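So you know, we letter chains A, B, ... as the sequences are listed, proteins then strands, and number each from 1. Model, not experiment: these values are computed from the prediction.
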Amino acid sequence: MSWDRNQMAAIAAREAQDGWYVNLGIGIPTLVSNHIPPGVSVTLQSENGMLGMGPFPFAGEEDADLINAGKQTITELPNSAYFDSATSFAMIRGGKINMAILGAMEVSEEGDLANWMIPGKLVKGMGGAMDLVAGVGRVVVVMDHTNKAGESKVLKRCTLPLTGKAVVDRVITNLGVLDVVPGGLKIVELAEGVSKEQFRSATEAAIVD
Amino acid sequence: MSWDRNQMAAIAAREAQDGWYVNLGIGIPTLVSNHIPPGVSVTLQSENGMLGMGPFPFAGEEDADLINAGKQTITELPNSAYFDSATSFAMIRGGKINMAILGAMEVSEEGDLANWMIPGKLVKGMGGAMDLVAGVGRVVVVMDHTNKAGESKVLKRCTLPLTGKAVVDRVITNLGVLDVVPGGLKIVELAEGVSKEQFRSATEAAIVD
Amino acid sequence: MSKVYSDATAALDGLLFDGMMIAAGGFGLCGIPELLIDALRESGVKNLRVASNNAGVDDFGLGLLLQSRQIKKMSSSYVGENAEFMRQYLSGELELEFNPQGTLAERMRAGGAGIPAFFTATGVGTVVAEGKEHQDFDGRTYILERAINADLSIVKAWKADESGNLIFRKTARNFNVPAATCGKVCVVEVEEIVPVGAIPADGIHLPGIYVHRLITGTHQKRIEQRTVRAKETA
Amino acid sequence: MSKVYSDATAALDGLLFDGMMIAAGGFGLCGIPELLIDALRESGVKNLRVASNNAGVDDFGLGLLLQSRQIKKMSSSYVGENAEFMRQYLSGELELEFNPQGTLAERMRAGGAGIPAFFTATGVGTVVAEGKEHQDFDGRTYILERAINADLSIVKAWKADESGNLIFRKTARNFNVPAATCGKVCVVEVEEIVPVGAIPADGIHLPGIYVHRLITGTHQKRIEQRTVRAKETA
């Protein structure tokens with residue numbers, strides 16, 4: 001009745017165009033790299049200072065000097081390049097990355113994104129998320145449509161501290177795909193078995209036709 | 001009765017301290033590198049993107065990819081490093097260069113420097129001079145005390161467009177050495193055979209004791 | 001004039017004072033100046049203000065200086081790995097200035113590049129923008145961010161030549177480059193010091209002009225999250 | 001999707017329009033994109049605005065585009081080597097915006113880094129500061145300089161791999177790096193294209209993300225001032 005994590009990642013992977021440079025956030029976005037269609041060559045950026053991020057290493061081949069932005073051990077590829085953090089974010093801020101696929105806590109109908117802080121509860125920090133949403137050409141959010149209590153995470157207005165204002169282009173949830181358009185969100189696709197009514201009732205944000 | 005070019009360069013070379021990074025301008029300043037005292041190790045920066053500038057190449061060993069800021073062919077040294085122009089001037093602007101030794105058309109008693117433009121006559125450009133005087137820790141000017149007409153180049157106020165305001169620390173001319181201090185210029189040293197009276201009469205700027 | 005010191009304590013001698021500002025390289029536990037952090041702990045220097053992307057973990061990296069209560073204020077982008085950090089912050093013992101990661105890196109780079117402030121769109125419309133100057137350029141709104149200038153930079157590189165020219169290894173480069181540039185004095189620890197000339201002039205990641213003191217020593221280089229894939233059998 | 005084009009004309013196809021803004025690498029005649037400049041001349045594109053530290057000499061480099069009157073405005077720091085430039089400027093045919101060299105490099109870098117404007121002390125109290133916003137930080141006065149964003153970057157590197165990762169050679173790196181970053185499209189000419197993987201990941205000067213189109217060809221690499229020293233005899 002709805003997409004699972006891998007299906008959401010596969011939907012997100014269809015966004016990628018041949019030759020693009022893409023930054024993937026932690027969580028479901030990381031899975032996207034497993035679903036890039038054949039014939040589409042995508043170079044993954046890791047904002048801690050690498051282009052051409054490869055898969056996890058084989059056991060015993062981990063390198064403490066080679067990690068991704070999630071601090072996980074990774075590998076390099078033939079086209080990889082390393083650089084420092086100032087250069088990495090110059091690239092991000094300067095619009096050189098074609099797309100970022102990120103997780104979220106909340107998205108608003110105006111494309112506001114909240115994914116870094118729950119006041120009084122979690123104090124982790126925004127990491128590179130604010131830079132990514134401000135700088136990257138296309139921002140795609142992948143998240144569950146509702147929270148554990150069944151409340152919509154696709155809102156009229158975000159309740160949590162923002163990561164960025166009017167920065168999201170597309171939202172992919174377990175229930176479907178939404179584009180941020182003038183006046184609200186537009187349904188692009190519904191998950192198999194999800195009706196428009198179900199989708200609307202799970203969505204607080206304004207949906208425009 | 002006054003210092004020649006090489007003597008001025010030798011006087012300027014005494015400014016250098018062991019371990020310093022120094023930028024030398026075109027003209028007499030270039031000669032300074034021949035006079036660095038033994039035991040003093042100085043690394044020369046060339047603002048087009050090099051630290052550790054070596055001497056001119058032997059004939060036949062010129063390399064079109066290896067020039068200094070005056071566009072002359074040079075060589076590298078064992079400690080040389082290359083970098084791009086943004087990095088080079090980040091270094092200069094950020095105060096990492098200990099000293100710049102530059103030529104000048106005019107210097108004022110407040111340490112203003114004019115060395116890049118004669119209105120209506122010469123349109124060459126300031127190159128890196130404005131960056132150097134604004135960013136480098138110590139700015140030493142080496143120039144003739146008077147112009148061809150015998151008029152002082154050490155002035156109350158510069159008449160030519162400025163390279164920088166209140167940027168010069170010391171002036172070395174063929175007649176002597178002056179420091180920029182509150183209220184005017186202070187004589188540090190006179191060239192052999194130059195009397196204080198001669199020096200004062202050749203100097204428009206206020207000299208303080 | 002040699003830049004090479006015998007150990008981290010010797011290399012920090014005369015540089016430390018209570019309340020000082022330190023810029024530290026590293027991302028997570030990758031490329032952190034672990035030897036210099038240990039020496040800072042031993043020095044007992046207090047009320048440090050530290051600019052570093054992360055705060056280490058409880059028992060390694062800057063976490064050690066949190067444990068010993070030597071840090072008064074952190075400027076970071078992400079501190080999620082450090083429970084002691086959270087405890088001190090939530091109890092009000094520790095000041096925290098959250099920076100977007102790229103803003104933090106650029107603030108350090110600006111400090112080293114003689115740029116006192118720059119405009120960025122990062123953080124506009126968020127808490128990060130509160131109290132900051134806003135200005136529009138070509139129809140977009142930006143905020144003014146100030147440079148970070150530190151009293152001391154502590155940096156980890158892979159190799160240095162004796163003149164201080166540095167190379168880093170893989171993603172351990174990270175904040176070490178911008179952090180190195182923004183300190184009045186920069187002390188660097190490396191895995192190996194090689195003779196001048198051993199690093200090709202075109203292969204240097206950070207020229208020796210940025211490096212004032214240099215040490216070498218044994219590094220733990222801890223891995224924070226060991227992730228592996230299964231070896232496919234043929 | 002290959003970045004490699006057959007020649008300079010093919011690599012510029014579809015990118016040119018009258019009045020466009022071009023950022024060019026090179027310092028003097030060192031590291032200039034000579035093949036792309038020749039192709040620009042052949043294209044006949046007009047009213048160009050060009051950001052380049054220098055303007056070439058009369059018969060080489062950007063001097064060729066001055067000769068053919070294709071340039072309307074130059075943003076440079078030094079044009080002393082070019083007699084035709086001076087003539088056109090003094091007769092009012094050519095607009096000229098003088099930039100301090102470091103400000104020019106930083107304006108390009110800012111354009112590539114998403115920074116619309118930054119403060120610098122360079123030029124304060126000079127003609128360069130006229131009409132610019134002044135602001136004091138920590139007791140010193142700075143001026144606000146705007147980023148350069150170009151429609152096209154033309155760049156010369158030494159080698160590229162097929163994914164566009166670049167390395168430069170010696171002082172031919174110069175403005176090629178900042179210029180490459182500030183264009184909407186960046187076209188690069190190199191002396192050799194090598195297979196992906198041939199340049200070590202830690203040795204890349206500019207990652208391929210900045211490079212959209214790539215050509216190779218024979219370069220003249222003219223020397224502007226051949227200075228030599230005498231060989232001492234033993």
Any C:Phe98 side-chain heavy atom under 4.5 Å of A:Trp116 side chain
yes

Residue from C:Phe27, C:Phe168, C:Phe85, C:Trp158 scoring the most non-hydrogen pairs under 4.5 Å with chain A is C:Phe27

What option among C:Gly25, C:Gly80, C:Ser76, C:Gly31 has the most heavy-atom pairs under 4.5 Å with chain A?
C:Gly80

Residue pair C:Gln101, A:Met126: steps toward the side-chain contact (heavy atoms from CB on, under 4.5 Å) verdict:
CA-CA 8 Å; C:Gln101 192 172 151; A:Met126 67 289 283; over 6 Å; no

Residue among C:Arg173, C:Arg222, C:Lys221 satisfying salt bridge (charged side-chain N to carboxylate O under 4.0 Å, His left out) with A:Asp65
C:Lys221

Using a 4.5 Å heavy-atom cutoff, which residues in residues 129-161 of chain A come close to chain C?
A:Met130, A:Asp131, A:Ala134

Taking C:Arg229 for its side chain and A:Phe56 for its backbone only, find out whether a donor-acceptor pair lies under 3.5 Å.
yes

Under 3.5 Å donor-acceptor, C:Thr227 side chain and A:Thr73 backbone:
yes

Greatest number of heavy atom pairs closer than 4.5 Å to chain A - which of C:Cys30, C:Gly125, C:Ala121, C:Pro100:
C:Pro100

Does A:Lys124 qualify as a cation-pi partner of C:Tyr78, given the criterion of NZ or CZ under 6.0 Å from the six-membered ring centre and within 45 degrees of its axis?
no

Once you round to the nearest 0.5 Å, how far does OH of A:Tyr82 lie from NE2 of C:His205?
11.0 Å

Honestly, the part of C:Leu96 sitting under 4.5 Å from a heavy atom of chain A is side chain

Is A:Lys165 close to C:Val124 at the side-chain level, that is, under 4.5 Å between some pair of heavy atoms?
no

Heaviest contributor of heavy-atom pairs below 4.5 Å to chain A, chosen from C:Gly28, C:Ala179, C:Gly102, is C:Gly102

With chain C, the option among A:Asp63, A:Ile74, A:Asn68 that has the most non-hydrogen atom pairs under 4.5 Å is A:Asp63

Which atoms of C:Asn99 come close to chain A, meaning under 4.5 Å heavy atom to heavy atom: side chain ones, backbone ones, both, or neither?
backbone

Pi-cation contact, A:Phe58 with C:Lys231 (under 6.0 Å, within 45°)
yes

Kindly say whether C:Ala105 contributes a backbone atom to a donor-acceptor pair with the side chain of A:Ser85 at under 3.5 angstrom?
no

Honestly, the part of C:Tyr89 sitting under 4.5 Å from a heavy atom of chain A is side chain

Measure distances from C:Arg109 to the heavy atoms of chain A and classify the residue's part below 4.5 Å as side chain, backbone, both or neither.
side chain

Looking at chain A, which one of C:Ala129, C:Ala55, C:Ala172 has the largest number of heavy-atom pairs inside 4.5 Å, strictly under?
C:Ala172

Can you say whether C:Val79 sits under 4.5 Å from chain A via the side chain, the backbone, both, or neither, judging by heavy atoms?
both

Measure A:Thr87 against the heavy atoms of chain C and call it side chain, backbone, both or neither at under 4.5 Å.
neither

Counting only heavy atoms closer than 4.5 Å, note whether C:Arg107 contacts chain A via side chain, backbone, both or neither.
neither

Side chain C:Arg226, main chain A:Glu62, donor-acceptor under 3.5 Å
no

Who in residues 27-50 of chain A is close to chain C, using a strict under-4.5 Å heavy-atom cut-off?
A:Glu47, A:Asn48, A:Gly49, A:Met50

Exceeds 12 heavy-atom contacts within 6.0 angstrom, atom CG of C:Asp138
no

If you draw a 6.0 Å radius around NZ in C:Lys132, do more than 12 non-hydrogen atoms from other residues or ligands fall strictly inside?
yes

The residue among C:Val128, C:Val127, C:Thr126 that forms side chain to side chain contact (heavy atoms under 4.5 Å, CB included) with A:Leu162 is C:Thr126

Between C:Asn54 and A:Lys71, is the side-chain contact (heavy atoms from CB on, under 4.5 Å) condition met? List the steps.
CA-CA 11 Å; C:Asn54 310 97; A:Lys71 281 96 178 181; 3.3 Å; yes

Strictly distance-based, threshold 3.5 Å: is any side-chain N or O of C:Thr171 a donor or acceptor partner for the main-chain N or O of A:Ile67?
yes

For chain C, which of A:Ser88, A:Gly60, A:Ala69 has the most heavy-atom pairs under 4.5 Å?
A:Ala69

